[in-house]
Visitor: 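Have a look at this one before I ask anything.
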2 protein chains.
Amino acid sequence: MPDSAIRPRKEFGKTIAADITHRLREEIIACAVAPGEPLRFDVLRERFGASFTTLREALTALAAEGLVDAQEQRGFRVAPVSRQDLTEVTDARVLIEVELIRRAIEKGDDDWEIAVISTLHRLKRIEQRDPEHPLRDPEWKIAHRQFHQALVSACGSATLLAIRAELFDRAERYRHLSANFRPRPRDKAGEHQAIMQAAISRNADLAVQLIEAHIRSTADNVATYAGHLLDAE
Amino acid sequence: MPDSAIRPRKEFGKTIAADITHRLREEIIACAVAPGEPLRFDVLRERFGASFTTLREALTALAAEGLVDAQEQRGFRVAPVSRQDLTEVTDARVLIEVELIRRAIEKGDDDWEIAVISTLHRLKRIEQRDPEHPLRDPEWKIAHRQFHQALVSACGSATLLAIRAELFDRAERYRHLSANFRPRPRDKAGEHQAIMQAAISRNADLAVQLIEAHIRSTADNVATYAGHLLDAE
DNA sequence: CCAGACTATATTTTCGAAAATCATACCGTT
DNA sequence: AACGGTATGATTTTCGAAAATATAGTCTGG
């Protein structure tokens, strides 16, 4: 018997819909389903083993996050990618992340410092273990996400954190898009280390400068190595 | 086809789910259903004449917008209100709106100027007609929303405009919350006029200053006159 | 009288059939 | 051949019954 018969069906949420939302989100971010590709119910039904309405609920939630494009009466598709969208997501991320890092540095307590340091430590450990293709490693992705999350977690605004998280996901999809074409990842480890140090030493201006450069250079990389995918269609 | 001619079930969207999403959103913003109130399917079913799954889809969409609170396996409820949430929404609005007004002033073309002027004109006309309780007048609400939308529409970022729209809705719910207790609206007409003039004359710094004051004073008003509703639970 | 287990009821969540809608191919006419 | 309309098949959307889960109420043993 395959896993689905033995393993619990709901891994990430209490409801099947929430679980499928989570799984499909990860697949879209990882570009396991191509941008712009139609999401037909027959296919999804077989893949996720859920019914029409449950899938519909998941797709509706992802549409609100900007990862899925709902075309009324004509179904859903994976949100398309474009240079314009990449630019918008990048600019929005800079605007919000810069503000949040300032607030976090101002408000962060001991627990925040510990979270920043420990998440970076885990990230570096994973990078040491397998320094080749970080985006292919699910553990690296989680650790990377958690480090950036930890940096701003003390900002004091759940509202802005939620918006930041959505934008992070949308940006991560672009990183995956270019991962297959990028010859070699640049020195992210050093950048993360520098950001952490600036944050912990409460040097807000420096941290802001580093974060902005980090975000923008990632986006530039995507535009360079996945440009052909952004122009087509 | 004949059904829609007699009694159009779908007013705002092509699908029933999208229509209910829209109608329920307006009801929540207008505080026709109280913050924190449970949204039970029996009740919604009778009220909107739709089935479980269709309602579920609408509630999921509104949960993603922050107007509904989804409690897994325990149904949905109208998103609660609090001082903390009001502060977060206000701060987030200032952060984003200030940036967007700057971009709009920089990029806005003739069409933008026309949109700003004409939406303000309509707003003032409605205010002249019935200057008493603007928030009770659906037309005023729409015109007010459209004026503020027009101001930033030329910013060039659909992504940030969508985020801004969500925050605007969440803030509008707080305005409605305090509307019943506020003795008399302050001089909004004058503020709108001043914002428009600053924008059209491309005085970005002044426009930013006025917008921020506009947003914050509205929030202060809510905190003053609806404070008792924010502390209770 | 209380804590915990059990039962009954209320409510949410999920399912697959059925209705509605869209896309395509076909046909007849000009 | 080009065009417009229509039938056909594919796909989405909606429905209400059925399953799963939570909540309230009851009972029992201590």
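Labels below follow one simple rule: chain letters A, B, ... track the order of the sequence lines, proteins then strands, and each chain is numbered from 1.
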Visitor: Which nucleotide in the set dC15(C), dT14(D), dT13(D) lies at the smallest distance from any side-chain heavy atom of I16(A)?
Guide: dC15(C)
Visitor: What's the closest nucleotide to the side chain of T15(B) if the choices are dC22(C), dT14(D), dT12(D)?
Guide: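 The answer is dT14(D).
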Visitor: State plainly whether the residues K14(A) and D19(A) are in salt-bridge range, i.e. N to O under 4.0 Å.
Guide: no
Visitor: Ignoring the backbone of R74(B), work out which of dT14(D), dA22(D), dT14(C) is nearest its side chain.
Guide: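 Minimum distance to the R74(B) side chain belongs to dA22(D).
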Visitor: Given dT13(D), dT14(D), dT14(C), identify the nucleotide with an atom nearest to the side chain of R56(A).
Guide: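 The answer is dT13(D), which lies nearest to the side chain.
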Visitor: Tell me yes or no: between the side chains of R170(A) and T159(B), is some donor less than 3.5 Å from an acceptor?
Guide: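 Side chains of R170(A) and T159(B): pair found under 3.5 Å.
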Visitor: Considering non-hydrogen atoms only, spot the tightest contact between A18(B) and E72(A) and give its length.
Guide: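 Closest heavy-atom pair between A18(B) and E72(A): CB-OE2, 3.0 Å.
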Visitor: Test the R45(B)-F52(B) pair against the cation-pi criterion, namely NZ or CZ under 6.0 angstrom from the six-membered ring centroid and within 45° of the ring axis.
Guide: yes
Visitor: Counting only side-chain N and O atoms of T54(B), is one of them less than 4.0 Å from OP1 or OP2 of dT13(D)?
Guide: no
Visitor: Mind checking if T53(B) touches a base, just sugar-phosphate, or nothing, with heavy atoms under 4.0 Å?
Guide: base
Visitor: Give a yes/no on whether any side-chain N or O of R45(A) is located under 4.0 angstrom from OP1 or OP2 of dC15(C).
Guide: no
Visitor: Name the nucleic acid region contacted by F52(B), choosing base, sugar-phosphate or nothing; use a 4.0 angstrom heavy-atom cut-off, strictly under.
Guide: base
